[in-house]
Amino acid sequence: MINVALPKGRLGEKVYDMFESAGFPCPQVRDPGRKLIFENEEAGVRFFWVKPSDVAIYVERGAADIGVAGKDILLEYSPDVYELLDLNMGKCRMCVAAPNSFADDSGKTLRVATKFVNIARNYYDSISRDIDIIELHGSIEIAPILGLSDVIVDIVETGTTLKENDLKVFETIVPISARLIANKANFKFKTMEIQGIVNGLKSEVEKKQVEEK
Ligand code: PRP
């Protein structure tokens with residue numbers, strides 16, 4: 001049995017659809033109830049829903065053999081896992097954004113509000129810019145509007161949140177998408193089974209890419 005940690009939410013549902021098309025179905029996963037664990041013995045998979053930012057923890061500690069996590073979480077927390085496949089979904093980018101009127105004064109320490117403190121620190125280290133990090137946990141866009149920070153480092157998907165708050169992207173740090181990850185030790189013991197899932201998902205990703213063209 002392969003234990004799969006799915007990120008709860010819209011992305012997770014799309015990810016599950018991909019498992020199903022790849023030959024690893026477990027339709028009860030779609031039940032709107034409160035149950036969190038679902039199993040299909042025949043297909044050899046057990047799915048469970050976890051908070052998206054917790055997927056990497058379940059996988060790193062081996063409670064899940066594999067899981068799907070955003071590249072943002074992998075960059076931020078550097079979990080000790082294998083990254084097996086880019087699922088080419090949940091696409092967005094990690095950006096530096098600020099009010100439209102923002103102009104950087106390189107003589108001053110830049111105040112950066114973010115949930116992604118490591119990504120922000122690494123980025124500004126790489127360009128040797130002095131910063132003061134303000135760690136927040138949501139609605140980051142408000143920080144520069146109220147003068148709590150000069151800029152934010154955050155995820156931009158459609159850009160609507162920025163636009164509606166009179167902010168814009170000043171730099172793109174890195175593109176983000178959902179990745180299939182695996183526990184290192186469990187991968188050794190269940191290589192064939194996990195590889196079977198990887199191959200199935202890979203051909204689904206390729207099919208979708210062809211359809212998109
Ligand atoms: C993310 C991000 C932005 C928004 C960007 O927030 O932090 O606020 O999505 O999406 P857009 O470019 O399509 O508008 P999320 O919904 O994950 O919630 P959060 O407030 O907890 O960060």
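By convention here, the first residue in the shown sequence is residue 1. Keep in mind that the numbers below use all heavy atoms, side chains included, and drop hydrogens, waters and symmetry copies. Just so you know, these numbers come straight off a predicted model, no measurement behind them.
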Chemist: Determine whether K8 and L36 make a side-chain contact, defined as any pair of heavy atoms from C-beta on separated by less than 4.5 Å.
Modeler: yes

Chemist: Report yes or no: do I197 and M18 belong to one cluster of Ile/Leu/Val/Met/Phe/Trp/Tyr joined by side chain heavy-atom distances under 4.5 Å?
Modeler: yes

Chemist: Start with the C-alpha distance between S177 and D86, add both sets of side-chain angles, then the distance that settles side-chain hydrogen bond (donor to acceptor under 3.5 Å, both in side chains), and finish with yes or no.
Modeler: CA-CA 7 Å; S177 58; D86 184 345; 2.9 Å; yes

Chemist: Going by heavy atoms in the side chains, are I66 and I181 under 4.5 Å from each other?
Modeler: no

Chemist: Step by step, would you call K207 with E204 a salt bridge (charged side-chain N to carboxylate O under 4.0 Å, His left out)?
Modeler: CA-CA 5 Å; K207 251 192 249 167; E204 289 307 308; 3.0 Å; yes

Chemist: State whether the side chain of R46 and the backbone N or O of E41 hold a donor-acceptor pair below 3.5 Å, judged by distance alone.
Modeler: no

Chemist: Between K115 and D154, does the salt bridge (charged side-chain N to carboxylate O under 4.0 Å, His left out) criterion hold? Intermediate values first, please.
Modeler: CA-CA 7 Å; K115 265 199 281 198; D154 200 14; 5.4 Å; no

Chemist: Looking only at the side chains, is there a donor atom on one of E76 and N118 sitting less than 3.5 Å from an acceptor on the other?
Modeler: yes

Chemist: Can R30 and E20 be said to form a salt bridge (charged side-chain N to carboxylate O under 4.0 Å, His left out), step by step?
Modeler: CA-CA 11 Å; R30 289 210 191 88; E20 187 174 83; 3.0 Å; yes

Chemist: Considering residues, nucleotides and ligands other than F189, do more than 12 of their heavy atoms fall under 6.0 Å from its CZ?
Modeler: no

Chemist: For K51, does the NZ atom have more than 12 heavy-atom neighbours from other residues, nucleotides or ligands under 6.0 Å away?
Modeler: no

Chemist: Report the distance from atom CZ of F19 to atom CG of L201, rounding to the nearest 0.5 Å.
Modeler: 5.0 Å

Chemist: Side chains of D132 and T109 only: does a donor on one sit below 3.5 Å from an acceptor on the other?
Modeler: no

Chemist: With a 4.5 Å heavy-atom cut-off, do P144 and L167 have their side chains touching?
Modeler: yes

Chemist: Is it the case that over 12 heavy atoms from other parts of the model lie below 6.0 angstrom from the CG atom of L110?
Modeler: yes

Chemist: Counting distance only, does the side-chain N/O of N3 pair as donor-acceptor with the main-chain N or O of D65 below 3.5 Å?
Modeler: no

Chemist: What distance separates I140 CD1 from T161 OG1, expressed to the nearest 0.5 Å?
Modeler: 11.5 Å

Chemist: Do K71 and E83 make a side-chain contact, defined as non-hydrogen atoms from C-beta onward lying under 4.5 Å apart?
Modeler: yes

Chemist: Would you say that D72 contacts I155 through its side chain, given a criterion of any heavy-atom pair below 4.5 Å between the two side chains?
Modeler: yes

Chemist: Using only atom types and a distance under 3.5 Å, with no angle test, would you say the side chain of T158 pairs donor to acceptor with the backbone of T160?
Modeler: yes

Chemist: In terms of hydrophobic clusters joined by side-chain contacts under 4.5 Å, are I145 and F170 together?
Modeler: no

Chemist: For E42, look at atom CD and say whether over 12 heavy atoms of other residues, nucleotides or ligands are found less than 6.0 Å away.
Modeler: no

Chemist: Is there a chain of hydrophobic side chains (I, L, V, M, F, W, Y, each step under 4.5 Å between heavy atoms) that links M94 to I127?
Modeler: yes

Chemist: Is the closest side-chain heavy-atom distance between D166 and P99 below 4.5 Å?
Modeler: no

Chemist: Assess whether atom CZ of R61 is packed by more than 12 heavy atoms of other residues, nucleotides or ligands within 6.0 Å.
Modeler: no

Chemist: Does Y58 have more than 12 heavy atoms from other residues, nucleotides or ligands lying within 6.0 Å of its OH?
Modeler: no

Chemist: Nearest 0.5 Å, please: how far is OG1 in T114 from CD in E135?
Modeler: 8.5 Å

Chemist: Same cluster for F47 and L11 if Ile/Leu/Val/Met/Phe/Trp/Tyr side chains link at under 4.5 Å?
Modeler: yes

Chemist: Test your reading of the model: is there a side-chain donor-acceptor pair from D31 to the backbone of G33, 3.5 Å cut-off?
Modeler: no

Chemist: Under the side chain to side chain contact (heavy atoms under 4.5 Å, CB included) test against V68, which residue among L87, V4, V59 passes?
Modeler: L87

Chemist: Give a yes/no verdict on a cation-pi contact between K190 and F187, requiring under 6.0 Å between NZ or CZ and the six-membered ring centre and an angle within 45° of the axis.
Modeler: no

Chemist: Please determine whether residues M89 and L85 belong to a single hydrophobic cluster, defined as Ile, Leu, Val, Met, Phe, Trp and Tyr linked transitively by side-chain heavy-atom distances below 4.5 Å.
Modeler: yes

Chemist: Please say which of I176, L162, V169 ends up in a side chain to side chain contact (heavy atoms under 4.5 Å, CB included) with C95.
Modeler: V169

Chemist: Hey, does V112 have a side-chain heavy atom less than 4.5 Å from the side chain of Y123?
Modeler: no

Chemist: Would you verify whether the NZ or CZ of K35 falls within 45 degrees of the ring axis of F38 while also being under 6.0 Å from that six-membered ring's centre?
Modeler: yes

Chemist: Is there side-chain contact between P7 and Y16, with at least one heavy-atom pair below 4.5 Å?
Modeler: no

Chemist: Among V153, I152, V151, which residue satisfies the side chain to side chain contact (heavy atoms under 4.5 Å, CB included) criterion with S149?
Modeler: I152

